[in-house]
Amino acid sequence: MATNKNIPEVEWEYAPSLEGTSHIQLKKKYDLFIGGKWVKPSSGKYFQSINPANEEVLAEVAYGSEKDVDIAVKAARKAYNEVWSIMPAAERAKYIYRIARLMQERARELAVIETLDGGKTIREARDIDVPLACNHFFYYAGWADKLEYAFPNRKVESLGVAGQIIPWNFPLLMAAWKIAPALAAGNTVVLKPAETTSLTALKLAEIIEAAGLPAGVVNIVTGYGDTGAAIVNHSDVNKIAFTGSTNVGKIIQKALAGTSKKLTLELGGKSANIIFDDAPIDQAVEGIVNGIFFNQGHVCCAGSRLFVQENVAEKVIAKLKERLKTLYVGNPLDKNTDIGAINSKEQLATITKYLEIGKQEGAEMYQPACTIPAKGFYCPPTLFTNVAQSNRIAQEEIFGPVLTIQTFRTIDEVIQKANNSPYGLAAGVWTEKGARIFNMANQLNAGVIWANTYNKFDPTSPFGGYKESGFGREGGVHGLAAYVKFV
Ligand code: ADP
């Protein structure tokens with residue numbers, strides 16, 4: 001096709017389209033939500049939650065101690081014994097449904113706070129995090145009075161008090177993933193959000209309060225790692241659900257060894273996105289971008305390792321580089337922004353360290369020219385080519401917008417390379433052949449395998465990993481099974 005040489009190449013600039021913040025209400029100081037009340041931390045200590053996009057302080061958040069955790073577990077136990085476990089299941093369902101409806105009503109506020117507190121783009125918070133979080137409550141509300149259908153011919157009972165510890169990449173969604181099935185199965189909860197992103201969990205506490213959930217059924221204890229450890233080690237907790245780093249997951253697994261506490265771990269990942277030569281290349285390029293860049297790489301199942309069949313590698317890489325040039329990095333509140341802020345200074349330092357490691361290992365780095373705000377934590381989208389399987393950037397989780405690219409010739413080769421990882425969380429396969437998709441799905445060692453798409457989630461669909469990505473599933477009936485015992 002001839003191109004018209006008379007038309008100059010145009011560089012598009014979008015006018016800013018900022019999401020407003022005047023409608024949100026944040027308190028200056030947040031206490032702990034225990035036993036249906038807002039209580040001061042016993043230590044009197046608070047820490048700051050900042051906006052990683054501009055480093056401004058958003059609010060102060062209570063630093064929960066072992067003593068506070070103990071009070072929260074006692075409140076959860078009392079609510080379990082006296083109210084929640086004996087309430088008819090259909091009544092429990094109504095509360096869970098009500099939480100979902102109230103979240104929907106306050107969806108815009110929740111999305112904006114998620115963006116302010118975590119740095120993710122408003123597009124992601126608005127279109128993915130918040131609707132999915134609501135849908136988890138809706139979905140599990142439906143199961144609450146149908147447990148005998150969820151587990152036919154088996155008698156199930158709730159576990160008791162569930163301790164739940166969540167990370168900073170999907171704060172509200174992770175809270176929903178954990179709280180909704182726990183409540184539906186008849187358990188009560190003590191949840192600790194991550195220290196950099198407590199605010200939407202605290203907003204959820206307000207919603208829970210407004211929903212009239214009986215006191216102590218859900219308790220939110222904010223704090224750092226030691227607060228989480230106090231939940232893990234509390235003797236009256238029956239179940240721990242943890243999402244976070246593999247290192248902390250290992251500490252928790254050791255701490256629970258020999259106890260009767262049930263455990264599910266959703267840990268790190270280094271997921272492979274595999275492009276065959278018969279794939280729809282333009283769609284695949286979008287899938288790659290969606291898999292690792294739109295979310296700053298802050299997804300445990302991010303498609304951070306790209307494997308491209310050799311005969312289309314040049315084409316795919318060229319298209320990918322062109323696409324990267326069009327991505328907007330900047331203010332996450334701008335609806336045009338594709339890549340928002342990195343969640344914290346520490347995380348940016350980790351990513352920067354890996355960029356250096358990649359270069360030292362001999363890989364070739366590509367970053368498009370882009371302007372990055374002077375204040376806040378940002379990282380441009382980054383590609384590494386000339387990557388060896390043994391390189392640290394291809395083996396270790398970076399948790400940033402950094403993609404390693406390797407090529408392959410045969411199916412056996414790519415399966416071997418994709419599975420050569422300590423992790424096994426997710427994978428993507430791009431091909432037009434259905435039989436090849438099934439073949440790959442059988443042989444790839446990953447909990448979730450997407451075909452001709454990436455990062456698609458649904459409350460009905462279980463999610464979880466193999467190997468160092470953890471064990472247990474969240475979502476779907478499997479996610480419910482994690483909160484019951486079979487008697
Ligand atoms: P990330 O690297 O994604 O921040 P972490 O595993 O450090 O992941 O944190 C995930 C969650 O685990 C956070 O809420 C954090 O406060 C909590 N946490 C950190 N250390 C511990 C620990 N030793 N025991 C329990 N929870 C912890």
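Counting starts at 1 for both ligands and their atoms, in listed order. Residues take their numbers from the sequence shown, with the count starting at 1.
- Between T243 and ligand 1, not a single N/O pair is under 3.5 Å apart.
- Counting heavy atoms closer than 4.0 Å to ligand 1, residue I166 contributes backbone atoms (N, CA, C, O) but none from C-beta onward.
- In this structure, K178 and E474 have side chains that are in contact, with non-hydrogen atoms separated by less than 4.5 Å.
- Distance from atom 18 (N) of ligand 1 to its nearest protein heavy atom, with residue and atom name: G225 CA, 3.6 Å.
- Looking from atom 6 (O) of ligand 1 to the surrounding protein, the closest heavy atom is S245 OG, 2.6 Å.
- Taking the six-membered ring wherever Trp is involved, the centroid distance between the rings of Y423 and Y466 does not fall below 6.0 Å.
- Counting only residues at least two apart or on different chains, the ring-ring contact (aromatic ring centres under 6.0 Å, His included) pairs with a member in residues 173-212 are H136-W177, W177-F463.
- Every atom of ligand 1 with a heavy atom of G228 under 4.0 Å away is listed here by number and element: 24 (N), 25 (C), 26 (N).
- Within the 4.0 Å heavy-atom cutoff, F242 counts among the residues contacting ligand 1.
- Under a 4.0 Å heavy-atom criterion, P193 is in contact with ligand 1.
- A donor and an acceptor atom, one from each side chain of D458 and S461, are nowhere located under 3.5 Å apart.
- To the nearest 0.5 Å, atom OH of residue Y354 and atom OG1 of residue T404 are 12.5 Å apart.
- Close approach of ligand 1 to I165 (heavy-atom distance below 4.0 Å) involves ligand atoms 11 (C), 12 (O), 14 (O), 17 (C), 26 (N).
- Scanning the protein heavy atoms around atom 16 (O) of ligand 1, the nearest turns out to be E195 OE1, 2.6 Å.
- Numbered from 1 in the order shown, with element, the atoms of ligand 1 that lie under 4.0 Å from a heavy atom of Y224 read 16 (O).
- Less than 4.0 angstrom separates atom 9 (O) of ligand 1 from none of the non-hydrogen atoms of the protein.
- Counting heavy atoms only, A229 comes closest to atom 24 (N) of ligand 1 of the residues G244, G268, A229, G223.
- For residues 206-221, every residue pair satisfying the side chain to side chain donor-acceptor pair (under 3.5 Å) rule, not counting sequence neighbours, is listed here: W38-E209, R106-E206, K203-E206.
- When each atom of ligand 1 is checked for a heavy atom of W168 under 4.0 Å away, the hits are 1 (P), 3 (O), 4 (O).
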| task | Test salt bridge (Lys or Arg N to Asp or Glu O under 4.0 Å) on E114 and R126 and set out the steps. | result | CA-CA 9 Å; E114 201 69 308; R126 179 196 64 193; over 6 Å; no
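- Looking from atom 21 (C) of ligand 1 to the surrounding protein, the closest heavy atom is V248 CG1, 3.4 Å.
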